[in-house]
Amino acid sequence: MSLHFPAWLQRLNDSPLELLPTLPYSSGGKTHCQGIAVQATDLSASARPDGHLAFEHATFEIPCGCRAALIGPNGSGKSTVLRALAGLIKPREGKVQVLGSPPALGRSQVAYLSQRPTFTENFPLQLRRLVQMGTYAHHGWFEECHHGNQTVDRALELMGLTNLADRPVHTLSGGQLQRGLLARATVQGAEILLLDEPYAALDQASRDIVEKFLFEQGHAFTVIMATHDPADSRRFDRILEMRNGTVTTTHSCTGHGHHHA
Amino acid sequence: MLEVIREPLAEAFFVRALWAVVLGGLTCACLGAYVVLRRMAFVSTALTHSILPGVVGAMLLGLSPYVGALAAALLTAAGAAWLSNRKGTSEDSAIGVMLSVMFAAGIAMMQLAHSWRDFTGLLFGSVVSVGPQDIVIIAVTAFVVLVSLRILHKEMELASFDEEYARLLGAKPALLRAILLGLVALGAVACVRLVGALLTTALFVIPAATGVLLGRTLPQVMGWAVACALLGGIGGLYLSYYLAWMPSGAAIVLCCALPYLAVRIFAPRR
């Protein structure tokens, strides 16, 4: 579903009188992100500190509210881009700004979903607790979270996981877990979602839920999603193509307007 | 039946041993939940074994055995971390190196101290010889460990389950791991009198392994682990009281293993 809002309707959408359903975390449906969400200039990075460069001299920008697909074959460096934006790896060269400052760990506005999450096996943890971990972003050290259950419930509902809330995490299917992780990202209050091949483990039903979440929630957040399948990128506003070790922007949106090919 | 339970309680040494077992079991079972879930059984073995050179060294230098034991345990943890940060050494071989080096140093120092017999209590445990001062040390350790685990509960749980997400949220999993190792060292040193340096690792691993089979959440795992440790600890003390030939340390460990076996065989889940 593509939405073409006239400017006045967009302003209305950004005001407290929202027309679209708000996300569990979003304060009044508004995003704090303004202008440019991600700006990379001449960026080079490698997956490991001593490894070869996964990409070099990448220059791109992603406006706030934009859904950007990062496409390219396996091993083209998509994951490295996302991990650099998340602050998990330091760029070798160049400059990158995420929400106006260099990427860093400990920022609740940025959520990153790895392609292959590495959880401790058989850990005694129920799905609700997994989603609740997103609220830790708002509770400092030495604090226990006593509130936020309502937020967790709404995130579970949004992802169609209400019935599974008490299931141990290790009994969930790949798709259910992926939705749980997205629910955790919303509870965290992320404004930028960095998603690494999120469709890989999803069946059609799960995928429909995730797509609905990503594309039909107004401008609540900026999405940067890596995918090896160009067909996945149909609904995105902007396509960043990774080829021969660098990044080319092949299809642009103007940010707050949604343009579709 | 009641008489069987009440009779040893008239002895002061038995009551002290009971306190030591209850407090120590509580501490080790709660820490053990993390040790087992994070697959740190081997590093806990290394920490408990390195208490031997620590105590012997402290004796040679005329220091408190607790200080020496704690220093040696922390040295082992730091050494293993330092070695495994180097390229080409995996963490478990780094721990293996530290464990054997520390234990060999302990044996050499025992020869130097001209006394093997004095150290059997250290190696195999002597909970019945626990003095009032030891009880105070165990109680303080239990307090420190349990309060730390309570305060850091959500961070420790997060970092144990999903280290990358902990990093992303800024919860510093490496620091949490170091804190956990420090707490394990503290717990091991306080509890070495219960079952001895060679078997202290059993107090971390066996009750928690039972808890993991029964609990669906981390607090439940800890609860079952504590229950198992208390059952095993108290049961073991009574067993060694009535069976004159039975060493207390071995009795405690064997009694901890009984609930584990029972749960393993009859566990409803998994």
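Chain letters run A, B, ... following the sequence lines, proteins first, then strands; residues in each count from 1.
Using a 4.5 Å cut-off between heavy atoms, A:Leu130 touches chain B through its side chain atoms alone. Neither the backbone nor the side chain of A:Ser108 comes within contact range of chain B, judged by heavy atoms closer than 4.5 Å. In this structure, the portions of A:Arg184 lying under 4.5 Å from any heavy atom of chain B include both its backbone and its side chain. Looking at A:Val110, there are no atoms closer than 4.5 Å to chain B (heavy atoms on both sides), in backbone or side chain.
The aromatic rings of B:Phe161 and A:Phe123 are tilted relative to each other, their planes meeting at an angle between 30° and 60°.
Side-chain contact between B:Tyr165 and A:Leu181: absent, with no pair of heavy atoms (C-beta onward) separated by less than 4.5 Å. Side-chain contact between B:Thr217 and A:Gln126 is present, with at least one heavy-atom pair separated by less than 4.5 Å. The closest side-chain heavy-atom distance from A:Pro168 to B:Arg216 is below 4.5 Å. Residues A:Gln188 and B:Leu169 form a side-chain contact, since some pair of their non-hydrogen atoms from C-beta on lies under 4.5 Å apart. Under the 4.5 Å side-chain criterion, counting only non-hydrogen atoms from C-beta, B:Gln220 is not in contact with A:Pro124.
Nearest heavy-atom pair, B:Lys154 versus A:Tyr136, reported as atom, atom and distance to 0.1 Å: O-CE1, 3.5 Å.
For A:Gln115, the CD atom sits in a packed shell: over 12 heavy atoms of surrounding residues, nucleotides or ligands are nearer than 6.0 Å.
Among the residues in residues 80-95 of chain A, those with a non-hydrogen atom closer than 4.5 angstrom to a non-hydrogen atom of chain B are A:Arg83, A:Ala86, A:Leu88. Identified by a heavy-atom distance below 4.5 Å to chain A, the contributing residues of residues 36-46 of chain B are B:Leu37, B:Arg39, in residue-number order.
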| field | Derivation and outcome, side chain to side chain contact (heavy atoms under 4.5 Å, CB included), residues B:Glu157 and A:Leu125 | value | CA-CA 9 Å; B:Glu157 183 185 32; A:Leu125 193 84; 3.4 Å; yes

